[in-house]
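Because only heavy atoms are used, hydrogens play no part in the values below, and waters and symmetry mates are left out as well, while side chains stay in. The first residue in the sequence is number 1, and the count goes up from there.
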Amino acid sequence: MSDGGLNLDDFGDLIERPSIRVRRKAEERRTRTGLPPKALGRLDDLGVWLAAAQGRVPVAPVQRPRAVLFAGDHGVAELGVSARPAGSAATLVRAVLDGASPAAVLARQAGVPLRVADLSLDCPREELPEEVTRHRVRRGSGRLDIEDALTAEEAVRAFGAGMAIADEEADAGTDLLVLGDISVGGTTAAGVLIAAMCGTDASVVTGRGGARIDDLAWMRKCAAIRDGLRRARPALGDQLQLAAAVGGADLTAMTGFLLQCAVRRTPVLLDGVVSAACALVGQRIAFRAPDWWLTGQASGEPGQAKALDRMASEPLLDHGITVGEGAGGLLALPLVRAAAALAAELPERPERKPSPAAPEATADESGRADAIAEAT
């Protein structure tokens, strides 16, 4: 699984699990706070997970989170598999940049900087800021049902772009990343990836998407995923080839991003079905990598549920949000921050020494006590 100097097998050696030793120390510290076991529910698990990821006890508060949204258009959208017009993802990106999208509102409310990376938007570069387009691989992706979404060289470039973005964030001191996507047709590509890796049929993973398509569009989407599956299955042994065949530049970059975040020991909050599909590909490349990722929320998309079940990842929230853009991860972020604060700030209670045993009663005292008891 190597191409153009990129060897995916290296990730298996580079990625280590969060420290088991530190996890144990965090659990021991938690027992010394005096709170009953499980009193904080999943917040306890989150605090221990963060401590292991950071390699320190007590855990440090989450102070420099950032949301990174990967953007792209998918040629399969020409088939009418989305409620949005094909090639219109740039409109969604502009709304994010203008602060008028759900993710922008949630990020602003949480005080989280938001970054957009264009990998394959179908619009002229000059329509968007250079900081958004500098990682673009191509304009739009190929129709996955009849042709490769990317060439082999483009897949390597997209994967490398995702790795580079992860490195930039780690070097900037980001301590938690929220991953999201802005795409038209992206959930169809995600459905193909998940069905291929889980060995299931198209109908099992086909959902309504972020724009909630009607029944006719759902049937078109199901047929597109079925046709994409025929092209994806022969590529299952090589994840770069799989990404080129059906993933598109944005999903390929997200996979590289996730794996490099694990290399750099930077925790990631996943969003919906698209990030779940990329995480599933990442798990296939490096089985320890998912230990660095959390799922923010259950979107209700069947493909996401299938992927999370395969990765044994339990969402933090269940709000059925399918809008994408990292909205689910942003909603879960306050929960992670609260877990970090509790793990960091709850004081340890000194252990109580057992009180000295009361002196044993003498025979005379015992006799008097018995006599009183009988008299009453």
message = Is it the case that the side chain of Trp293 and the backbone of Ala276 share a donor-acceptor pair, with hydrogens and angles ignored and the cut-off at 3.5 Å?
response = no
request  = For residues Ile285 and Asp10, determine if any side-chain heavy atom of one lies less than 4.5 Å from a side-chain heavy atom of the other.
outcome  = no
query = Does Gln241 use its side chain to pair, donor to acceptor, with the backbone of Asp238 at less than 3.5 Å?
reply = no
inquiry  = If we count only N and O atoms by modelled type, under 3.5 Å, do the side chains of Asp201 and Ser203 hold a donor and an acceptor together?
reply    = no
message = Could you walk me through whether Asp145 and Arg231 satisfy the salt bridge (Lys or Arg N to Asp or Glu O under 4.0 Å) test, starting with their C-alpha distance in whole Å, then the side-chain angles of each, then the deciding distance to 0.1 Å, before giving a yes or no?
response = CA-CA 7 Å; Asp145 61 318; Arg231 305 189 60 261; over 6 Å; no
ask   = Do the side chains of Phe11 and Met163 get nearer than 4.5 Å, heavy atoms only?
value = yes
task = Apply salt bridge (Lys or Arg N to Asp or Glu O under 4.0 Å) to Arg337 and Glu345, showing your working.
result = CA-CA 12 Å; Arg337 278 177 148 167; Glu345 299 175 26; over 6 Å; no
query = How many angstroms lie between atom CZ of Phe287 and atom CZ of Arg17, to the nearest 0.5 angstrom?
reply = 5.5 Å
remark   = The side chain to side chain contact (heavy atoms under 4.5 Å, CB included) partner of Leu176 among Leu294, Leu269, Val112 is Leu269
query = In terms of side-chain heavy atoms, does Arg30 have a donor or acceptor partner in Thr33 at a distance below 3.5 Å?
reply = yes
key: Leu240 side chain near Phe159 side chain, heavy-atom distance below 4.5 Å   = yes
key: Distance-only side-chain donor-acceptor flag, Gln63 / Asp175, under 3.5 Å   = no
note = So CZ of Arg136 and CD of Glu130: to nearest 0.5 Å the spacing works out to 11.5 Å
For Thr188, side-chain contact (heavy atoms from CB on, under 4.5 Å) partners two or more places apart = Val76, Val81, Lys221, Ala224, Ile225
query = Is any side-chain heavy atom of Asp44 closer than 4.5 Å to a side-chain heavy atom of Lys38?
reply = no
request  = I would like to know whether Leu8 and Gln239 meet side chain to side chain contact (heavy atoms under 4.5 Å, CB included); could you show each step before the answer?
outcome  = CA-CA 8 Å; Leu8 299 189; Gln239 275 63 61; 4.0 Å; yes
ask   = Any side-chain heavy atom of Met219 sitting closer than 4.5 Å to one from Thr206?
value = no
note = SG (Cys222) and CG (Asp215) are apart, to the nearest 0.5 Å, by 12.0 Å
remark   = Heavy-atom closest pair (Thr252 atom, Gly247 atom, distance to 0.1 Å) is OG1-C, 4.5 Å
ask   = So, the side chain of Thr151 versus the backbone of Glu154: is there a donor-acceptor pair under 3.5 Å, distance only?
value = yes
ask   = So how far is it from Met311 CE to Lys306 NZ, rounded to the nearest 0.5 Å?
value = 13.0 Å
query = Looking just at side-chain N and O atoms, do Ser299 and Thr322 make a donor-acceptor pair shorter than 3.5 Å?
reply = no
inquiry  = Strictly distance-based, threshold 3.5 Å: is any side-chain N or O of Gln109 a donor or acceptor partner for the main-chain N or O of Val105?
reply    = no
Leu179 vs Phe70 side-chain heavy atoms within contact, under 4.5 Å = yes
ask   = Checking side chain to side chain contact (heavy atoms under 4.5 Å, CB included) for the pair Arg143/Leu79: CA distance, chi angles, key distance, verdict?
value = CA-CA 9 Å; Arg143 252 184 67 179; Leu79 299 176; 3.5 Å; yes
inquiry  = Using side-chain heavy atoms (C-beta onward) and a distance below 4.5 Å, is Leu177 in contact with Glu169?
reply    = yes
query = Within the side chain of Ser275, is there an N or O that forms a donor-acceptor pair under 3.5 Å with the backbone of Asp271?
reply = yes
key: Leu69 side chain reached by Arg115 side chain, heavy atoms, under 4.5 Å   = no
inquiry  = According to a hydrophobic-cluster definition based on side-chain heavy atoms being under 4.5 Å apart (Ile, Leu, Val, Met, Phe, Trp, Tyr only), do Leu333 and Val116 belong together?
reply    = no
query = Atom CG in Asp73, atom CD in Glu78: separation rounded to 0.5 Å?
reply = 10.0 Å
inquiry  = Given 3.5 Å as the limit, does a donor-acceptor pair link the side chain of Gln297 with the main chain of Ile321, or not?
reply    = yes
Show me, pair by pair, the donor-acceptor contacts under 3.5 angstrom made by side chains of residues 85-99, not counting sequence neighbours?
{"unit_1": "Ser88", "atom_1": "OG", "unit_2": "Pro85", "atom_2": "O", "d": "2.6"}
{"unit_1": "Arg94", "atom_1": "NH2", "unit_2": "Glu127", "atom_2": "OE1", "d": "2.5"}

key: Nearest heavy atoms of Leu270 and Ala279, plus distance in Å   = CD1-CB, 3.9 Å
key: Evaluation steps, side chain to side chain contact (heavy atoms under 4.5 Å, CB included), between Leu316 and Leu46   = CA-CA 10 Å; Leu316 297 178; Leu46 285 175; 3.9 Å; yes
message = Are Leu280 and Ile15 linked, directly or through intermediate hydrophobic residues, by side-chain heavy-atom contacts shorter than 4.5 Å (ILVMFWY only)?
response = yes
inquiry  = Salt bridge check, Glu16 against Arg288: does any charged N sit closer than 4.0 Å to a carboxylate O?
reply    = no
message = Please give me the minimum heavy-atom distance between Arg139 and Pro124, naming the atom from each residue.
response = NH1-N, 3.7 Å
task = State, to 0.1 Å, how close Ala340 and Pro61 come at their nearest heavy-atom pair, and which atoms those are.
result = CB-CA, 4.2 Å
note = Residues Ala161 and Leu119: closest non-hydrogen pair is CB-CD1, 4.0 Å
inquiry  = Assigning hydrophobic clusters by single linkage (Ile, Leu, Val, Met, Phe, Trp, Tyr; side-chain heavy-atom cutoff under 4.5 Å), is Leu258 placed with Ile165?
reply    = yes
inquiry  = Starting from Leu43, can I reach Val59 by hopping between I/L/V/M/F/W/Y residues whose side chains sit under 4.5 Å apart?
reply    = yes
inquiry  = Main chain of Pro58, side chain of Arg56: is a donor-acceptor contact present, judged purely on distance under 3.5 Å?
reply    = yes
request  = Please step through salt bridge (Lys or Arg N to Asp or Glu O under 4.0 Å) for the pair Asp122 and Arg138, ending with a clear verdict.
outcome  = CA-CA 8 Å; Asp122 190 8; Arg138 57 179 283 168; over 6 Å; no
message = Could you walk me through whether Asp227 and Arg230 satisfy the salt bridge (Lys or Arg N to Asp or Glu O under 4.0 Å) test, starting with their C-alpha distance in whole Å, then the side-chain angles of each, then the deciding distance to 0.1 Å, before giving a yes or no?
response = CA-CA 5 Å; Asp227 293 341; Arg230 296 195 186 105; 2.6 Å; yes
ask   = Cluster question for you: counting only ILVMFWY and a side-chain heavy-atom cut-off of under 4.5 Å, with indirect links fine, are Leu251 and Val281 together?
value = yes
inquiry  = Whether Arg125 and Asp118 form a salt bridge (side-chain N of Lys/Arg under 4.0 Å from carboxylate O of Asp/Glu) is what I want to check.
reply    = no
query = What pair of heavy atoms forms the shortest contact from Asp250 to Ser183, and how long is it?
reply = OD2-CB, 3.6 Å
task = Take Arg32 and Arg349 through the side chain to side chain contact (heavy atoms under 4.5 Å, CB included) test and state the conclusion after the steps.
result = CA-CA 6 Å; Arg32 294 193 296 270; Arg349 309 290 184 189; over 6 Å; no
